[in-house]
Each structure stands twice: as structure tokens, then as C-alpha cells.
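In what follows, chains carry the letters A, B, and so on, assigned in the order in which the sequence lines appear, proteins first and then strands, with residues in each chain numbered from 1. Just so it is clear, the values below take in all heavy atoms, side chains as well, and ignore hydrogens, waters and symmetry mates.
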Protein chains: 2
Amino acid sequence: MAQIRDVSKLAGVSPATVSRAFSDPGKLSAETLKKVLAAAEELNYKPSSLAQLFRVKRTNTVLVMVPDIANVLFARVVSGIERIAADNGYNLLVIDTKDNKDVEAAGIEMVETYRADGVIQLGERALRWLHRDAEKCTIPFVHAIGTGLDESYPTVTINNQAAAESMANYLLSLGHRKIGVLAGIKGRLVTQHRLEGFRAAMNAFGVTLDEGLVEYGAYSLAGGAQSAQRLLSRRRDATALLAMSDEIAIGAIRTAQDLGLRLPEDLSITGFDNIEFGKYCEPPLTTVMQPAERIGEVAMTLMCGVLRNELKGETHPLLPTELVIRNSVCRVVKPA
Amino acid sequence: MAQIRDVSKLAGVSPATVSRAFSDPGKLSAETLKKVLAAAEELNYKPSSLAQLFRVKRTNTVLVMVPDIANVLFARVVSGIERIAADNGYNLLVIDTKDNKDVEAAGIEMVETYRADGVIQLGERALRWLHRDAEKCTIPFVHAIGTGLDESYPTVTINNQAAAESMANYLLSLGHRKIGVLAGIKGRLVTQHRLEGFRAAMNAFGVTLDEGLVEYGAYSLAGGAQSAQRLLSRRRDATALLAMSDEIAIGAIRTAQDLGLRLPEDLSITGFDNIEFGKYCEPPLTTVMQPAERIGEVAMTLMCGVLRNELKGETHPLLPTELVIRNSVCRVVKPA
DNA sequence: TCCTGTTATGTAAACGGTTTCATTGCAAGT
DNA sequence: ACTTGCAATGAAACCGTTTACATAACAGGA
């Protein structure tokens, strides 16, 4: 591959001039510029990114840490991040953490060793705190799809509690009182917040959440199917099930159908996230929309801000959610 | 951040020794090593990747070009790639091409300018041919989920034609003769190959594929729903629909149900890929399994091979597919 | 005419490691 | 005792850019 020196020789100028021809063409006289560009073209010269980046000590790369890239919700967030990154000339390094603390910690190291300029983390844990000296950790960091609104680093998420509350309210307004919960992973903050939302809504209606009707499990299709299995084999008195993700809900629908229940007549089921598949279920899933791509876009926009040291505006945006009503819920039939 | 020079001073050795302490500890005497490591620890020194990579002219990074990262199938492939990459110390740069030729071409440039050591491309087009001088293009390249088995670069995919054939055979063996096809994007090689598979199977049964029963569309839920809509509003004589992806199939199921058809009695529908959601549909989707994660793993393994110049074994593996039979298909009822 | 300021370009020093080659010390072989 | 070879380390060149600083040419103002 041709180097800057080759080009400079061919064009009869100094390497500095060639460099300027690419980085700041306005500084050169028209004829010099033309000469240089022609020489570069002839030699098919392209500046070595490696050398450039090394020189300026920036990578123009941001690291994205995803708990599971194969998960539809996360994949959509990444898609949003990617769009904004591309628009701003950043590249995306993607790491699938599989929820493993060690690989998360490695993420920090990547910016300390100049492999990435900053990191966007998706999901529960904020790896920043894994740093040996967390208080002083200054690496550019953005956290999305998590919680931690009070943190010092930017954060983009939704109001999980409020969203959960609105979903529960909807069910309550249709007369449901015996409501089961297909929760996500126990101990996760998202899980807790959504549960609090459910509980708050019920309390407002004067009903208390029956702890015997909540089942925890993975945020996945299989997890939902299993949770529903456990719940339904133990109790059959619930008229509705609040699932903490669409995947959980869809898994539960499968189980309910296998059990011979008619949906939604015998059992109403709701989801959370509004992934595309929910629309195509049978029955189509009533859920609450979480703007995944948008979350990714906003997260990357914030990252651009911190990298340019010109963060402005809200640094802890709560993106709007929305109840999307389809057919997996019906009014509870009053036993005469 | 501490530099190698700082460490060397503190440890009272030369920078070269420090360098060796990290890259080839065996070369040092035990006590020197200890001294150096202690100094490095004290200063919290970590070698700058940027400087290292620049010096050795490798990035330890491979670029993955995905047509759509939010697509479940591709996301799973990426997941497989990631696993192997991590095992081998490679990082993954991910670009969502959105099927855009320009960004694909930019991919090549990234390895030419030393931002990545090689590129794995997913999907239809092999960007390698976008290179200004394709014949001579020598960048490390692997193509997955595509076709082009006869190419000079490694390729990992399935036998689309055979897989499609087996699916069609299954339908035919259950008595179906009027079979519609919900094809993917017209002109795509995958689409053509699968169509050929369908056609071959039918010919073997002495039935010819009715061109009036094939509908093209996007490889997506919405695409499937629309194609089914068009097909079903035009012709109602098909007893079964062969969809070219699970998403298309699931979209079609929705449409069929909205039209009041009973599945599978009134209409059998089959998918392709075996994404997880297919198992949770109503009715659960009969499909042909494509080992997505495995494809990713194999692709990355091949990439490791070419990067180390020790490619061995099959460079055009065809991974095995498998018919997975669920309940979206039934034997055709003979009109008396 | 001389001084000053501006513009276009060149010179050379970084950037932070790795690696080749040279040097030293010491053990083993003759 | 003298050579030989190996192991451990150091000195310095090098990777391919960018950029601070120096220089030269030239225009405009006093």
C-alpha cells in the first residue's frame, strides 16, 4: 500500500502538504491540491487509519455491550445506535456479554487501552462500577435500557414503573381483579420497578397483589412458557396475566393454549416492549410499547455529546411509552 | 495514563524489557519479570492498543457486515460469530448495511485502511466484488448466509435448494398438489435457489409449480402478511403455502387467520429457518432448520484460518438442515 | 522603501509501543 | 585456560501519520 511519502514524492511536495490535502484542503492552493489529489489517486493512496488514530489518540469507535445480541429488543436498540453512529462517523465495536461480569470489566479496559473512545452499555448492570476506582472513573459512558436515573453518567430508558402501572390499570379497568404476574428475572431492577408499577396500580384500585400469583423467570419465550406452566398448574383463579416482556407473554400464550384455555376469554395476557412478533400472535398481543430503536438513537446521540465535550440538554431522558391494545385482553365476565 | 517509559524507569530496566514482560514473559529472568510487573501494577500501566496495533499493523478486529442487525436470523449468526471471535481474541466491528451498496463498499476500505483485518459478510451480495479491481482483491473475506459456492473466498451456508426440496416433498407426501409459494425478494439468489428446490420436488411428483401461485415480497413479517394477502385474495385453491422464511410464514398465518381460515385444516403453511418464535405460533410452525449460530461460528473459524494463513479443511461448508415438523401442516383432505 | 501581516509550504519532532541487533555474563565443552 | 554458545538485557530504529514551528513569498500600509 502506498504511503504518504510516496504521494508526496510523486506530487513533489512535502508529506505535511499531502496530509493537509486530506484533512484541511482549504489550506492549500488550488493547484497544489490538484497535484496532490492526482498523485494520491494514481497510487491509490489511502491514509492508514491505524497511523492516524494512533497519532491523534482517538479511535472513532464506541463499544456497545449487549447482554444478548440475539434478543430482539436489544438487537433493535443496537440498530438505533448504529444508525446514529454511522451518521457521526463512529464505528461500533459490539460485545455480547452474556451477562458475564468478567467480559463486562474487559469493556472498561478497552477504552483505557485506546481501543474505543467510550462505551454504551445495555441492560441491567452498569459496568462502570466494576472499575477498580469507580468514583474516579471518567471514561465516556452511557447506559441504556437500565435504571439508575440518579447516576452521574447519562442514562436513557423508559419509566418502567409508570408503564407497568398503565398496563395494570388497563386490566383493572376491564374488571380484572385476580391478576397473575409473569415476572422476569428475580432481583433485576427492571423486574422490581415493573412489579412496583403493577402493585401501585392495584393498590389504587383497592386490590392487593397476590404474591402467590407471581412467578419469576427468564426474559425469554421459554422462560415465559415455563413460568406460565408453573403458575397455571398451581392456581387457576387468575383472569389475567401481566407478563414483563412480550417474549414471556408469547411463551405464556403457548402454554395457555396447550392447556386448552381459550384466549382471551378464559385468560387475558399482556406483554411489554411491543416487539413486532406480538402483532402477529394469536391472539395479537396487548402490550406497552418501548421505543427500542429510539432508545438506541438517543443513547448514541448522548455518547456523541460526551465525546465532544458538549453534552447539552437532558442527560437522563425518559422516553415515552404507549399502551398498544390488541386482542389478548378482554373484559372480565362477571360471574352472575 | 502511564507509559512504557515510566514503567521502565521505575523498574530500572529498558522499555524493551517491559515490552517483553507483557508479550513474551518467558524470555525474562524471574526476578526482572517480577520487578517489571510490580512497577506496571503500581502505575496501573496498560499498553496502548493503539500503539501496539499501529506498530504491528494488525487490528485484531474483524468487520461484520449485516443487512439488518435487527433481523432475528442475522442476529443469531452474529451471536455465533461473536462467540468464536471472543475465543480467539478478535473484536467485532459491526455495520448494518441496510442493503446499501455504498456502505458495503466502505467495508472494503476499512480493511484497506487498517481498521479491520478482514470482513465477514452476511446475506446476498459479496461486497468483495465491489472492489475497484475485484480480481486482484486479496482482503481476507468470508461470506455467510449467501450462495456463491464456487467462489475463491470461503463461504458458509446451507444447501438452500435441497432444504427447500425436502420441505416441498413433505407437503407433497401429505397429498398437497395445489401449493402456493410465498417467496422472498425477487431476484435474490436465495430466493431463486429455494424456488428451484420447490420446483424440483414438484416435478419429481409430476406436478408443475403454478406460477400464478407464487408471490414475492420482503423477508419479514409484514412482507409475509402482504404477500399472503395478495395471493389469497386472488386465488383460494391452494391447500398449502410454502414460505421462504419463518417471518414470512408467521405473517401469512396472521393474514390467513384474519381471513377466517382454520389452520392447518383449510390451509397448511410452512416456514424456513426455524427461528424460535415459530415454536410458539398458533399453530406451531413446521419449518426447516437453518443452524444460524453454527453458521456464524463456522464463518468466524474460517476467518481465523485465513487471517493466520493456515486455512485447512473445507472452505465451502454446507451446514446440515433439518425438517422440523410441528402443527402448521396437515394431510390434505381428499374431496370425495 | 521598509515594515508588517498573511498565506502557502516545508522541516522535524512527536505519538507509544515492538523488534532487530549488539552486548554482556556465565556455563559448558575441549 | 580458552573457546563457544546461550540467556538476559539494552540501544536505537522503526511503524505512518499529524502538527508545532520555521520559512519564504508576497501584498498592503506608512
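As judged by a 4.0 angstrom heavy-atom cut-off over every strand, B:Val18 is placed among residues making no nucleic acid contact. Residue A:Tyr45 is in sugar-phosphate contact alone, with no base atom involved, counting any heavy-atom pair closer than 4.0 Å across all strands shown.
Counting heavy atoms from C-beta on, the side chains of A:Thr155 and A:Thr315 never come closer than 4.5 Å. You'll find the side chain of B:Leu311 reaches within 4.5 Å of the side chain of B:Leu302, heavy atoms only. Taking the side chain as every heavy atom from C-beta outward, B:Val103 and B:Asn100 approach each other to under 4.5 Å. In this structure, the side chains of A:Val156 and A:His143 stay at 4.5 Å or more apart for every pair of heavy atoms. Between B:Val111 and B:Val119 the shortest side-chain heavy-atom distance falls below 4.5 Å. Side-chain contact between B:Val62 and B:Met300: present, with at least one pair of heavy atoms (C-beta onward) separated by less than 4.5 Å.
For D:dG10, one of the phosphate oxygens OP1 or OP2 lies less than 4.0 angstrom from a side-chain nitrogen or oxygen of B:Ser14. Look at A:Thr17 and you'll find a side-chain N or O under 4.0 angstrom from OP1 or OP2 of C:dG10.
The list of salt bridge (Lys or Arg N to Asp or Glu O under 4.0 Å) pairs with a residue in residues 298-307 of chain B, not counting sequence neighbours, is empty.
The overall bend of the helix from C:dT1-D:dA30 to C:dT30-D:dA1, read as the angle between its terminal helix axes built from five base pairs each, is 50° when rounded to 10 degrees.
Using a 4.0 Å cutoff on non-hydrogen atoms, the parts of residues 21-32 of chain B near DNA chain D are B:Lys27, B:Leu28, B:Ser29, B:Thr32, ordered by number. Of the residues in residues 51-59 of chain B, those placing a heavy atom less than 4.0 Å from an atom of DNA chain C are B:Ala51, B:Gln52, B:Phe54, B:Arg55, B:Val56, in numerical order.
Applying side-chain hydrogen bond (donor to acceptor under 3.5 Å, both in side chains) to A:Asp117 and the options A:Thr59, A:Asn91, A:Thr61 leaves one that passes, A:Thr59.
Note: CZ (A:Arg115) to P (C:dG17) measures 15 Å, nearest angstrom. Note: CG (B:Leu43) to P (C:dG17) measures 12 Å, nearest angstrom. Nucleotide D:dA20 holds its P atom 11 Å from the CZ atom of A:Arg20, rounded to whole Å. Between A:Lys46 atom NZ and D:dT17 atom C1' there is a gap of 17 Å when expressed in whole angstrom units. Rounded to an integer number of Å, the gap from CG of A:Leu33 to C1' of C:dT9 is 13 Å. With rounding to whole Å, B:Leu50 atom CG is found 9 Å from C:dG16 atom C1'. With rounding to whole Å, A:Arg5 atom CZ is found 13 Å from C:dG10 atom P.
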Could you go through residues 63-88 of chain A and list every donor-acceptor pair under 3.5 Å that involves a side-chain atom there, pairing it with any protein atom two or more places apart or in another chain?
| residue | atom | partner | partner atom | Å |
| --- | --- | --- | --- | --- |
| A:Asp68 | OD1 | A:Ala70 | N | 3.0 |
| A:Arg76 | NE | A:Glu293 | OE1 | 3.3 |
| A:Arg76 | NE | A:Glu293 | OE2 | 3.1 |
| A:Arg76 | NH1 | A:Asn274 | O | 3.4 |
| A:Arg76 | NH2 | A:Glu293 | OE1 | 3.2 |
| A:Glu82 | OE2 | B:Asp96 | N | 3.0 |
| A:Arg83 | NE | A:Glu297 | OE2 | 3.0 |
| A:Arg83 | NH2 | A:Glu297 | OE2 | 3.0 |
| A:Asn88 | OD1 | A:Arg308 | NH2 | 2.8 |
| A:Asn88 | ND2 | A:Ile84 | O | 2.8 |

For residues 2-12 of chain B, dump all side-chain donor-acceptor pairs below 3.5 Å to protein atoms at least two apart in sequence or in another chain.
| residue | atom | partner | partner atom | Å |
| --- | --- | --- | --- | --- |
| B:Asp6 | OD2 | B:Gln3 | N | 2.8 |
| B:Ser8 | OG | B:Arg5 | O | 2.8 |

Please step through ring-ring contact (aromatic ring centres under 6.0 Å, His included) for the pair B:Phe54 and A:Tyr114, ending with a clear verdict.
-> CA-CA 12 Å; B:Phe54 165 59; A:Tyr114 297 100; over 10 Å; no

